[in-house]
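Below: one structure, written as structure tokens.
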Amino acid sequence: MLRLFDTAAGTVRPFEPRTPGKVSMYVCGPTVYGPPHLGHGRFSLVFDVLRRYLEWSGLDVTYVSNITDIDDKIIDRANTEQRPWQEITESCEAVWYRAMDAIGVKRPTHDPHATAYVEQMVALIARLIEAGAAYETSDGVYFRPLEVGDYGLLARQDIESLQVGARVDVVDEKESPIDFALWKKAKPGEPSWPSPWGDGRPGWHTECVVMSLDLLGEGFDLHGGGQDLCFPHHENERAQAVADGKVFARHWVHNGFVMVDDEKMSKSLGNFTNLLDLIDRYDARAYRLLCLQSHYRSPIDVNEKNSAQATAALERYDALARRIAGLGDGVPPDTATIERFVGHMDDDLNTPRALAVIAETVTEINRRLDIEDIAGTEPLAAAFRSMLVAVGLTVDDEVAAVGDEAATLCRQRDDARAAKEWARADEIRDQLQAMGYVVEDTPTGTKVRKG
RNA sequence: GGCGACGUGGCCGAGUGGUUAGGCAGAGGCCUGCAAAGCCUUGCACAGGGGUUCGAUUCCCCUCGUCGCCUCCA
């Protein structure tokens, strides 16, 4: 059984879905005002791995991840660029999904947009006012965290220290510095929606409360995001749900931060924090492998060296995939291997350990193939493929189609080698390498692939 | 000021009170016509100082260092 760290409990505990066999998870998605960065990439990959692993385990997963398309930053950008804000949100969303597709993140089951939920948000805010958890001021509606008994649960701080530490400017009409806006009354020129408190727009955190409960229902299984979302975002979502008398998420999962090399290095790295740049420079799978190589709750450092290392590691998987093409199809995966893998994955998603099992399996398969133990290889090959599916890693087992010219050279080289004309064979190899191919001799003749 | 995380061999990164993580890179060997791929072998590792213990990298305390959060950040 899967055990996961739960931020609210502060400890690893069993992950028990509300309905056996089904999992409902909500992962806070992007605010669409700019290109996705490495942090977006990490949380997307971490929760994609979790989702795939659950599905691989036979569970039916409903995965909801929102698109926040109402936000001050969107409005700012629209004003700065003199463009309609919808144009910004639409183009950013397109870029977002392009990046997600590139790194192999499955599309969510539902991707609710904040703009489609304004009415429900207004209704929630009205109920919160009625319940005494929120109050209207001249510029909006504010929430009173002090009304929520266990406020600070996710932040792991008590409410007093939150008040003492609050760095926000105290707005005159706010009762407490920790109160936050649920509704912002519109200023001239701002996009707005009607409400009992005048035209305006939703404030903070409300959209996720409404959308998660609408699509997943009360007491949904898991709510996730980056560690920076613990507070204030998730804390405030939870506070609103609690104040509304709702049972909210049963399990809170947060992934660690992404570090990029310090300023000294970043100069040479350029705009390295942009996810699209990373994909551009390295194998698109490399970032997933990097994320898998460290535990999801640890910080990871992304830099050129790590990315290059991950890319090199992928080649080993690809090489094996080519070697076992056609082997092990329809054969049950090796039980002992899968059990070890599952044991590590179930242990709070210990992907580094799980990856070690995969690496050991690769070695074992190669060893058996070296001695032509095909029968012994097949269950391991099946296990290898299965484990990759579980973590969402793809391998390239295609011997890439090569041009006619290269194919001809391969045949000529085979002829030369058969005739033991080594100088001629080496010459042709040099030629192929100059064309950008990696040349390998195999029992079935010269094989080339793009290096 | 408050809360929290972390410091492991050339690099990345798991883990454990006494026994091999794993990957990448390096060295040697096997295989190969030579390579490539693959396999085998190989590396005073656990920030520093105390303490508990028969024994600590692993538990406790302190120090140093790095980092995150404390209301609009994934």
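Excluded from the calculations below are hydrogen atoms, water molecules and symmetry mates; all remaining heavy atoms, backbone and side chain alike, are included. Throughout, protein chains are lettered first and strands after them, A, B, ... in sequence-line order, and every chain is numbered starting at 1. Note that this is a predicted model, so its numbers are computed, not measured.
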In whole Å, what separates the [atom1] atom of [N] from that of [M]?
N	M	atom1	value
B:C61	B:G23	P	36 Å
B:C60	B:U66	P	24 Å
B:C64	B:U53	P	27 Å
B:G28	B:U52	P	48 Å
B:G4	B:G43	P	41 Å
B:C46	B:G50	P	15 Å
B:U42	B:A47	C1'	27 Å
B:A27	B:G33	P	24 Å

Whole Å only: how far is the [atom1] atom of [X] from the [atom2] atom of [N]?
X	N	atom1	atom2	answer
A:H234	B:C72	NE2	P	16 Å
A:I178	B:C72	CD1	P	14 Å
A:Q293	B:A25	CD	P	12 Å
A:H344	B:G23	NE2	P	13 Å
A:L369	B:C40	CG	P	13 Å
A:L393	B:G23	CG	C1'	13 Å
A:L154	B:U71	CG	C1'	14 Å
A:D347	B:G15	CG	P	7 Å

Does [X] reach a base, just sugar-phosphate, or nothing at all? Heavy atoms under 4.0 Å.
X	value
A:Y151	base
A:R42	nothing
A:G203	nothing
A:S44	nothing
A:V258	base

From the list [options], which nucleotide is the closest neighbour of the side chain of [X]?
X	options	result
A:D426	B:A74, B:C34, B:G23	B:C34
A:F257	B:U71, B:A74, B:C34	B:A74
A:E360	B:G10, B:U71, B:G22	B:G22
A:R413	B:C11, B:C34, B:C40	B:C34
A:W422	B:A35, B:G33, B:G15	B:G33
A:N306	B:A36, B:C11, B:G33	B:C11
A:R353	B:G15, B:C11, B:A74	B:G15
A:K73	B:G22, B:C72, B:A74	B:C72
A:N350	B:A74, B:C11, B:G15	B:G15
A:N366	B:G38, B:C72, B:A74	B:G38

Any N/O donor-acceptor pair, A:Q309 side-chain to B:C12 base, under 3.5 Å:
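Check fails, no donor-acceptor contact within cut-off.
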Has the side chain of A:R429 got a donor or acceptor atom sitting under 3.5 Å from an opposite partner on the base of B:C34?
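Donor-acceptor pair under 3.5 Å: yes.
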Measure the acute angle between the ring planes of [X] and [Y], then classify it against the limits of 30° and 60° as parallel, tilted or perpendicular.
X	Y	answer
A:F341	A:Y53	perpendicular
A:F248	A:H223	tilted
A:F180	A:F143	tilted
A:H234	A:H254	tilted

Partner set under side-chain contact (heavy atoms from CB on, under 4.5 Å) for A:P112, not counting sequence neighbours
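Checked A:P112 against side-chain contact (heavy atoms from CB on, under 4.5 Å); matches are A:V64, A:N66, A:H110, A:Y117, A:M211, A:L215.
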With A:R77 as the cation and A:Y33 as the aromatic partner, state whether NZ or CZ is under 6.0 Å from the six-membered ring centre and within 45° of the axis.
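No; the conditions do not both hold, so A:R77 does not lie above the ring face of A:Y33.
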If we ignore angles and hydrogens, is there a donor and acceptor under 3.5 Å between the side chains of A:D283 and A:T311?
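Result is no, nothing qualifies.
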So, A:T363 and A:R316: side-chain donor and acceptor under 3.5 Å apart, yes or no?
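There is such a pair between these side chains.
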Looking at [X], does any N or O in its side chain come under 4.0 Å of the phosphate oxygens OP1/OP2 on [N]?
X	N	value
A:R323	B:G38	no
A:R316	B:C39	yes
A:S298	B:C12	no
A:H37	B:A74	yes
A:N236	B:U71	no

Relative to the 5' end of RNA chain B, which residue comes earlier, A:A313 or A:D228, by the nucleotide with the nearest heavy atom?
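Closest to the 5' end, via its nearest nucleotide, is A:A313.
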On RNA chain B, compare the nucleotides closest to A:T363 and A:S294; which residue's is nearer the 5' end?
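Final value for this comparison: A:S294.
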Pairing string of RNA chain B (Watson-Crick or G-U wobble, both atom distances under 3.5 Å; | = paired to other strand) is (((((((..(((.....[...))).(((((.......)))))....(((((..]....))))))))))))....
When you check the gap from the basic side-chain N to the acidic O, do A:D179 and A:K174 get nearer than 4.0 Å?
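No, A:D179 and A:K174 are not salt-bridged.
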Under a 4.0 Å threshold between the charged nitrogen and the carboxylate oxygen, would A:D415 count as salt-bridged to A:R424?
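Looking at A:D415 together with A:R424, the answer is no, because their closest N to O distance does not fall below 4.0 Å.
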Sequence neighbours left out, what passes ring pair (Phe, Tyr, Trp, His ring centres under 6.0 Å) with A:H344? Give chain and number order.
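Applying ring pair (Phe, Tyr, Trp, His ring centres under 6.0 Å) to A:H344 gives none.
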